[in-house]
S.K.: 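Handing you this structure, nothing more for now.
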Amino acid sequence: MKTFMTHLFVTVLLVAAHTAFAETNMLQDLCVADLKGAKVNGYACKDPSQITPEDFYYIGLAAAADTSNTAMGSAITAGNVEKIPGLNMMGTSMSRIDYAPGGLNPPHLHPRASEAIFVLEGRLFVGFLTTTGKLISKHINKGDVFVFPRALLHFQQNPNNAPASVIAAFDSQNPGTQSVGPSLFGANPPIPDDLLAKAFGVEPQVIQKVKGKFPAKK
């Protein structure tokens with residue numbers, strides 16, 4: 001009897017898992033995002049009669065962004081569901097990242113997506129950290145591809161004297177981004193200085209100085 005109940009329990013779990021997976025797939029041809037409508041884990045579908053080709057089109061990744069006024073010397077142009085409503089429910093998006101000479105896309109993670117970058121121009125030093133603290137890094141060149149696993153800290157740096165740029169692809173319509181510095185030192189309400197000081201093994205005065213470089217998020 002015990003073995004039967006175990007098998008029954010496992011079967012129910014498998015059926016539930018299969019059903020949950022199946023229901024994440026669209027039950028219609030498309031679901032263009034209604035950006036003005038309610039947002040519950042994504043966007044509601046736009047009235048099909050109001051769909052236009054522009055819902056699936058975006059020119060924003062064609063030209064390099066201005067990196068001159070950025071603190072890190074890098075600029076990100078997103079091509080997510082908020083820019084391309086037709087991506088809604090498709091589980092994919094793109095971005096363009098441009099780097100000034102010496103520019104950096106600092107350590108950050110995407111909680112909802114893995115990322116693959118394709119180098120359009122230049123040469124970059126890129127890498128990610130595993131949860132065991134191992135650094136996986138490489139210098140990549142024009143035409144190369146590098147992949148960052150979902151939710152792992154990663155970075156891109158342009159150590160050269162010429163600009164660089166990449167196209168990034170994500171397996172989420174809205175991958176989200178959490179940068180280490182702003183998240184820890186620009187939190188609102190702020191994380192207590194003594195907590196961060198103990199975590200990093202420094203004096204609270206050092207934390208206060210670092211926080212001054214990251215204005216609190218609103």
Side-chain angles (χ1 to χ4, degrees), residues 61 65 67 70-80 91-204 206-217:
L61 307 185
T67 60
T70 62
M72 296 293 172
S74 65
I76 301 172
T77 306
N80 56 27
T92 187
S93 60
M94 301 176 70
S95 290
R96 175 178 177 137
I97 312 172
D98 295 290
Y99 314 82
L104 171 69
N105 189 10
H108 63 283
L109 60 87
H110 303 292
R112 298 183 288 275
S114 299
E115 175 183 3
I117 60 171
F118 173 81
V119 183
L120 293 173
E121 293 291 343
R123 187 170 186 263
L124 296 169
F125 175 61
V126 303
F128 63 87
L129 283 167
T130 69
T131 55
T132 61
K134 182 176 182 179
L135 174 64
I136 309 294
S137 63
K138 187 175 180 61
H139 286 90
I140 57 176
N141 303 289
K142 181 178 179 178
D144 289 348
V145 171
F146 195 85
V147 176
F148 305 105
R150 179 191 300 261
L152 292 186
L153 283 172
H154 60 282
F155 61 84
Q156 304 106 32
Q157 180 189 36
N158 178 11
N160 307 294
N161 295 321
S165 59
V166 304
I167 289 291
F170 304 93
D171 59 345
S172 170
Q173 67 184 36
N174 193 3
T177 300
Q178 186 169 37
S179 296
V180 175
S183 293
L184 290 175
F185 301 106
N188 184 20
I191 300 174
D193 293 349
D194 61 329
L195 187 156
L196 289 173
K198 186 172 183 179
F200 286 96
V202 299
E203 296 298 319
V206 175
I207 297 299
Q208 292 171 9
K209 186 175 182 180
V210 174
K211 280 186 173 181
K213 299 179 181 295
F214 295 95
K217 297 180 179 179

S.K.: Output yes when a side-chain donor or acceptor of His154 lies under 3.5 Å from a complementary backbone atom of His108, and no otherwise.
M.R.: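 Checking the backbone N and O of His108 against the side chain of His154, a donor-acceptor pair under 3.5 Å is found.
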S.K.: With Tyr99, which of Asn105, Asn160, Thr67 fulfils side-chain contact (heavy atoms from CB on, under 4.5 Å)?
M.R.: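 That would be Asn105; it is the only one of Asn105, Asn160, Thr67 passing the side-chain contact (heavy atoms from CB on, under 4.5 Å) with Tyr99.
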S.K.: About how many Å separate CG of Leu195 and CD1 of Ile207, when rounded to the nearest 0.5 Å?
M.R.: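 Atom-to-atom, Ile207:CD1 and Leu195:CG are 9.5 Å apart.
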S.K.: In chain order, what residues pass the salt bridge (charged side-chain N to carboxylate O under 4.0 Å, His left out) check against Glu203, with sequence neighbours excluded?
M.R.: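 None.
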S.K.: Which value, rounded to the nearest 0.5 Å, describes the distance between Ser183 atom OG and Ile191 atom CD1?
M.R.: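 Those atoms lie 8.5 Å apart.
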S.K.: Residues in salt bridge (charged side-chain N to carboxylate O under 4.0 Å, His left out) with Arg123, at least two apart?
M.R.: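 Per chain and number, Arg123 pairs via salt bridge (charged side-chain N to carboxylate O under 4.0 Å, His left out) with no residue.
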S.K.: With rounding to the nearest 0.5 Å, note down the distance linking CG in Leu153 to CG in Leu109.
M.R.: 5.5 Å
S.K.: Kindly determine whether Leu152 and Thr131 satisfy side-chain contact (heavy atoms from CB on, under 4.5 Å), including the steps that lead there.
M.R.: CA-CA 8 Å; Leu152 292 186; Thr131 55; 4.0 Å; yes
S.K.: Just jot down the side chain to side chain donor-acceptor pair (under 3.5 Å) partners of Gln173, sequence neighbours excluded, or say none.
M.R.: Asn88
S.K.: Judged by atom type as modelled, is there a donor-acceptor pair below 3.5 Å linking the side chain of Asp171 to the main-chain atoms of Ser114?
M.R.: yes
S.K.: So does Ala151 get a backbone contact from the side chain of His110, meaning a donor-acceptor N/O pair under 3.5 Å?
M.R.: no
S.K.: Not counting sequence neighbours, which residues clear side chain to side chain donor-acceptor pair (under 3.5 Å) with Gln208? List them please.
M.R.: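 Gln208 satisfies side chain to side chain donor-acceptor pair (under 3.5 Å) with Asp193 once adjacent residues are dropped.
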S.K.: Kindly say whether Arg112 contributes a backbone atom to a donor-acceptor pair with the side chain of Arg150 at under 3.5 angstrom?
M.R.: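 It does hold such a pair.
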S.K.: Has Lys211 got a side-chain atom pairing as donor or acceptor with Ala187's backbone, closer than 3.5 angstrom?
M.R.: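 Between the backbone of Ala187 and the side chain of Lys211 there is no qualifying donor-acceptor contact (under 3.5 Å).
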S.K.: Could you work out, with salt bridge (charged side-chain N to carboxylate O under 4.0 Å, His left out) as the rule, every residue matching Lys142, not counting sequence neighbours?
M.R.: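 Salt bridge (charged side-chain N to carboxylate O under 4.0 Å, His left out) check on Lys142 returns Glu121.
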S.K.: Measure up the Phe185 and Phe200 rings against each other and bin them: parallel (under 30°), tilted (30 to 60°), perpendicular (over 60°).
M.R.: tilted
S.K.: Nearest 0.5 Å, what's the CG-OG distance between Leu120 and Ser165?
M.R.: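 Going from the CG atom of Leu120 to the OG atom of Ser165 covers 4.5 Å.
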S.K.: Using only atom types and a distance under 3.5 Å, with no angle test, would you say the side chain of Asn80 pairs donor to acceptor with the backbone of Ser93?
M.R.: no
S.K.: Please report the interatomic distance CZ(Phe118) to CZ(Phe146), rounded to the nearest 0.5 Å.
M.R.: 15.5 Å
S.K.: Please enumerate all residues that pass salt bridge (charged side-chain N to carboxylate O under 4.0 Å, His left out) together with Asp194, with sequence neighbours excluded.
M.R.: none
S.K.: Hey, can you tell me if Phe125 and His139 have their rings parallel, tilted or perpendicular (30° and 60° cut-offs)?
M.R.: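 Because their plane-to-plane angle lies in the 30° to 60° range, the rings of Phe125 and His139 count as tilted.
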S.K.: Tell me whether Ser179 contacts the main-chain N or O of Gly181 through its side chain, where contact means a donor paired with an acceptor under 3.5 Å.
M.R.: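 Checking the backbone N and O of Gly181 against the side chain of Ser179, no donor-acceptor pair under 3.5 Å is found.
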S.K.: Passes side-chain contact (heavy atoms from CB on, under 4.5 Å), Phe214 versus Leu184? Steps please.
M.R.: CA-CA 9 Å; Phe214 295 95; Leu184 290 175; over 6 Å; no
